[in-house]
Structures are given as structure tokens and as C-alpha cells.
A.B. asks: 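Could you have a look at this structure, given as C-alpha cells, before my questions?
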Amino acid sequence: MGVGVWVLVDPTGFREIVAANPLFFTGVYIILAMGAMLFLLGFLGCCGAIRENKCLLLFFFMLILVIFLAELAAAILAFIFREHLTREYFTKELKRHYQGYNNTDVFTGTWNAVMNSFDCCGVNSPEDFEESLFRLINPNEMVPAACCRRGSQPGDSAYISQDECLMGNMLFRNNKGCYSAVVDYFELYIYVAGALAIVVLTIELFAMVFAMCLFRGIQ
């Protein structure tokens, strides 16, 4: 529930990235719903333990087991498909599908939000737009406007020199790739999330063991 609320109210712009993609936005509410369900599940487990109700304890055990298996399956799938999170994959997709100014396109809108939020350009660098769909649609522009540098003052959304940026002038565009920018930003959160996932799985495992021990101990 905390993660879902954080994404919805985060002031650094992550909310814009999520809002640009309806699938991500739906995922936030799914996370909130799962958090509420786990809160209810914990409440049922406490009631079952205090009242020594075998039905509630069995229900608690089965739901925890389903969640535990679902989390394991998600971790295994993430490991199997990890190659889809490589620089090469994102670069190939950017060249194929990014259009530049068509924010009604989910892929393009998401990339514009990422580049604006993290002050980056392309996956590795602005050179990623060479021989891309964007250059085919906009042959007179080297990079999209989302790559252009903005004023240094907080909240300043005006470009320093959009014309120079679109012509490819390195002084007026963001030259850092988004892959590195996003990884640097979320590096701490990734390790924290991994540690929390291990802790949660361990707690769930002990919860199932204790619930079954109590279930068997009730006369």
C-alpha cells in the first residue's frame, strides 16, 4: 500500500511516467488493492489465532500459500526474462517505435515523460535516434524536444535554446542516456526492494508454519 501511495503522490515526476502508460497506472491500483487484501488477511489471521478458529486459520494458510507461490513465480519469470531489460532491447524498441511528438501513442508518451523527468536522452545517448523512426518522421531534427535542456531554476520548464538543441548542439541537449540515469536513481531502491522481498517471503513462510501448528494444536 505504501509503494502504491508513493507512486501516486511522488513529487519528483515518477507519477507522470506512470500516468503516461495506462497499463502502469492500472498496476498502481492493483498494488494498492493487494496491500489492502494483505491487511485484511493479517486481520483474519489474528482473529483466527485469538479465537482459535480452525476455519479462519485454514483460510489464512491457503491465502498466504497462494500469495507465496505467486511471488515465487513472479521472481522466476523476472529472472527468465531479464534479458528484456538490457540496453540493447530498449535501444532496439526506441528506434522502432518512438515517434517524438505523438503523446497519444503510449510508447512515445512514456519515453517523453522519462526523458523530461530524468533530464536524459535516448537509452545510451542522443546518438540512439540515428536511423530511427523518429528521424524518419522528423528528418530535420537530430533529437526530440524532450532531450533539450531546460532552465536551471526549480520549476523552470522553458528550454534554454530549443532550435540549437534540435539541430544537435551538445551544449543545449541532455547527453546522458536514460538507462544510466534511471538505474542511478533507483539503484538504492532496487537493493532495498530486494531485501524487503526476502524479508516478506521469510515472514510468509513462518506465518504458514505457525498457522498450521496452531491449526493442528486446536482440539
Side-chain angles (χ1 to χ4, degrees), residues 3-4 6-8 10-32 73-150 157-187 189-190 193:
V3 171
W6 170 65
V7 171
L8 287 176
D10 177 52
T12 60
F14 189 66
R15 177 177 48 187
E16 298 176 7
I17 301 172
V18 174
N21 191 324
L23 182 61
F24 292 160
F25 201 69
T26 303
V28 173
Y29 287 103
I30 291 175
I31 290 175
L32 284 172
I76 293 171
L77 287 174
F79 178 78
I80 293 174
F81 293 104
R82 67 189 184 281
E83 65 271 11
H84 291 298
L85 298 178
T86 61
R87 290 175 182 265
E88 292 74 16
Y89 174 80
F90 285 121
T91 303
K92 181 176 65 176
E93 292 298 300
L94 180 73
K95 287 179 177 290
R96 286 182 177 178
H97 304 295
Y98 180 76
Q99 301 176 30
Y101 303 102
N102 181 16
N103 278 323
T104 58
D105 175 66
V106 171
F107 185 89
T108 300
T110 301
W111 263 104
N112 284 337
V114 169
M115 290 190 288
N116 284 322
S117 299
F118 293 95
D119 294 328
C120 56
C121 186
V123 177
N124 306 289
S125 68
E127 280 68 33
D128 290 337
F129 293 103
E130 295 177 1
E131 300 180 359
S132 65
L133 175 63
F134 167 76
R135 290 296 303 278
L136 187 64
I137 299 174
N138 307 277
N140 296 323
E141 298 181 6
M142 301 298 292
V143 294
C147 287
C148 297
R149 286 189 175 179
R150 302 173 185 271
S157 60
Y159 297 115
I160 297 177
S161 178
Q162 184 172 351
D163 292 337
E164 290 289 336
C165 168
L166 297 179
M167 290 174 61
N169 192 320
M170 296 179 62
L171 297 176
F172 299 99
R173 73 185 187 192
N174 297 311
N175 295 297
K176 185 174 184 178
C178 291
Y179 191 94
S180 297
V182 172
V183 168
D184 291 346
Y185 181 81
F186 286 106
E187 185 175 14
Y189 297 106
I190 290 173

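On a predicted model such as this, the values are computed, not experimentally measured, just so you know.
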A.B. asks: Can you list every pair that meets side-chain hydrogen bond (donor to acceptor under 3.5 Å, both in side chains) and has a residue in residues 161-173, with sequence neighbours left out?
C.D. replies: E127-R173, E164-N169, R173-N175
A.B. asks: Keeping the roles fixed (side chain from K95, backbone from E130), state whether a donor-acceptor pair exists under 3.5 Å.
C.D. replies: yes
A.B. asks: What's the shortest heavy-atom distance between F172 and C165, and which atoms?
C.D. replies: O-CB, 3.3 Å
A.B. asks: With sequence neighbours excluded, tell me which residues meet side-chain hydrogen bond (donor to acceptor under 3.5 Å, both in side chains) with N174.
C.D. replies: none
A.B. asks: Going through the checks in order, is the side-chain contact (heavy atoms from CB on, under 4.5 Å) test met by R87 and Y179?
C.D. replies: CA-CA 7 Å; R87 290 175 182 265; Y179 191 94; 3.5 Å; yes
A.B. asks: Quick test of your reading: applying side-chain hydrogen bond (donor to acceptor under 3.5 Å, both in side chains), list the pairs with at least one residue in residues 132-144, sequence neighbours left out, ordered by first then second residue.
C.D. replies: Y101-E141
A.B. asks: Do the non-hydrogen side-chain atoms of R150 and N116 ever get within less than 4.5 Å of each other?
C.D. replies: yes
A.B. asks: Is the distance between the ring centroids of Y98 and F107 under 6.0 Å?
C.D. replies: no
A.B. asks: Kindly determine whether C148 and M115 satisfy side-chain contact (heavy atoms from CB on, under 4.5 Å), including the steps that lead there.
C.D. replies: CA-CA 9 Å; C148 297; M115 290 190 288; over 6 Å; no
A.B. asks: Going by the rule side-chain hydrogen bond (donor to acceptor under 3.5 Å, both in side chains), which residues pair with D184 if we only count those two or more places apart in sequence or in a different chain?
C.D. replies: K176
A.B. asks: Are F134 and L94 close enough, and set up right, to give a side-chain contact (heavy atoms from CB on, under 4.5 Å), and what steps lead you there?
C.D. replies: CA-CA 9 Å; F134 167 76; L94 180 73; over 6 Å; no
A.B. asks: Between C178 and C121, is the SG-SG gap less than 2.5 Å?
C.D. replies: no
A.B. asks: Is the backbone N or O of Q99 less than 3.5 Å from a side-chain atom of D105, with the two atoms forming a donor-acceptor pair by type?
C.D. replies: no
A.B. asks: Evaluate side-chain contact (heavy atoms from CB on, under 4.5 Å) for V123 paired with W111, printing each intermediate quantity in order.
C.D. replies: CA-CA 10 Å; V123 177; W111 263 104; 3.6 Å; yes
